[in-house]
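Remember, it's a predicted structure, so these values are computed and weren't measured experimentally.
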Amino acid sequence: MPGNPAPYVGELVLVALAALGTQVVAMGYGADPLTWPTYWFTAGFVLLALVQLRRSSLARGVIVVACIGGAIVSLPGLVGSQGVSVLFVAFLVEAAALLAPPVGRHVHGAVRQPLR
């Protein structure tokens with residue numbers, strides 16, 4: 001049925017959401033500890049909801065590119081820093097969950113329906 005998600009898509013999106021939460025906790029936001037984590041989590045949550053509910057390949061692409069970019073940026077800090085290692089793995093887990101074949105079939109095999 002066109003409205004039903006592919007098997008395991010919901011679970012993979014939940015894995016990506018857990019990785020997003022880990023990123024928010026692992027990042028050191030300095031002087032403004034409430035505003036930036038809230039923004040980061042809200043933006044990520046909205047994008048993940050678009051992937052799940054609206055089958056948005058654009059939202060999936062934005063998340064994957066941001067995660068790969070975050071992993072690359074965190075590479076130099078990997079040596080000797082456990083917090084950066086957790087952040088690096090969280091970026092990769094989120095990207096891998098969204099690059100999994102069930103999510104790809106979910107967003108690319110979508111029957112688009114107009115917004116109401």
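His106 approaches Gln52 most closely through the heavy-atom pair NE2-O, 3.1 Å. Across Val24 and Pro37, no two heavy atoms sit closer than the pair CG1-CB, 3.5 Å. Contact detail for Val103 and Ala97: the closest heavy-atom pair is CG2-O, 3.5 Å. Pro102 and Pro7 make their closest contact through CB-O, 3.4 Å (heavy atoms, listed as atom of the first residue, atom of the second, distance). Nearest heavy-atom pair, Cys67 versus Gln23, reported as atom, atom and distance to 0.1 Å: SG-NE2, 4.2 Å.
Following chains of ILVMFWY side-chain contacts shorter than 4.5 Å, one cannot reach Tyr8 starting from Val15, and the two form parts of different hydrophobic clusters. Following chains of ILVMFWY side-chain contacts shorter than 4.5 Å, one cannot reach Leu20 starting from Val93, and the two form parts of different hydrophobic clusters. Note on Ile68: it clusters hydrophobically with Trp40, by side-chain heavy-atom contacts below 4.5 Å among ILVMFWY residues. One hydrophobic cluster, built from ILVMFWY side chains closer than 4.5 Å, holds both Leu99 and Leu47. Cluster membership check: Leu17 shares its hydrophobic cluster with Met27, using side-chain heavy-atom separations under 4.5 Å among Ile, Leu, Val, Met, Phe, Trp and Tyr.
Side-chain contact between Leu78 and Leu75 is present, with heavy atoms from C-beta onward closer than 4.5 Å. Side-chain contact check for Leu48 versus Leu98: some heavy-atom pair is nearer than 4.5 Å. Leu50 has its side chain out of reach of Arg60: every pair of non-hydrogen atoms, C-beta onward, lies at least 4.5 Å apart.
A distance of 12.5 Å separates CD1 in Ile63 from CZ in Phe91, rounded to the nearest 0.5 Å.
Between Phe41 and Phe45, the ring-plane angle classifies as parallel under the 30° and 60° cut-offs.
Listed for the His108 side chain is no donor-acceptor partner under 3.5 Å among the backbone atoms of Ser57.
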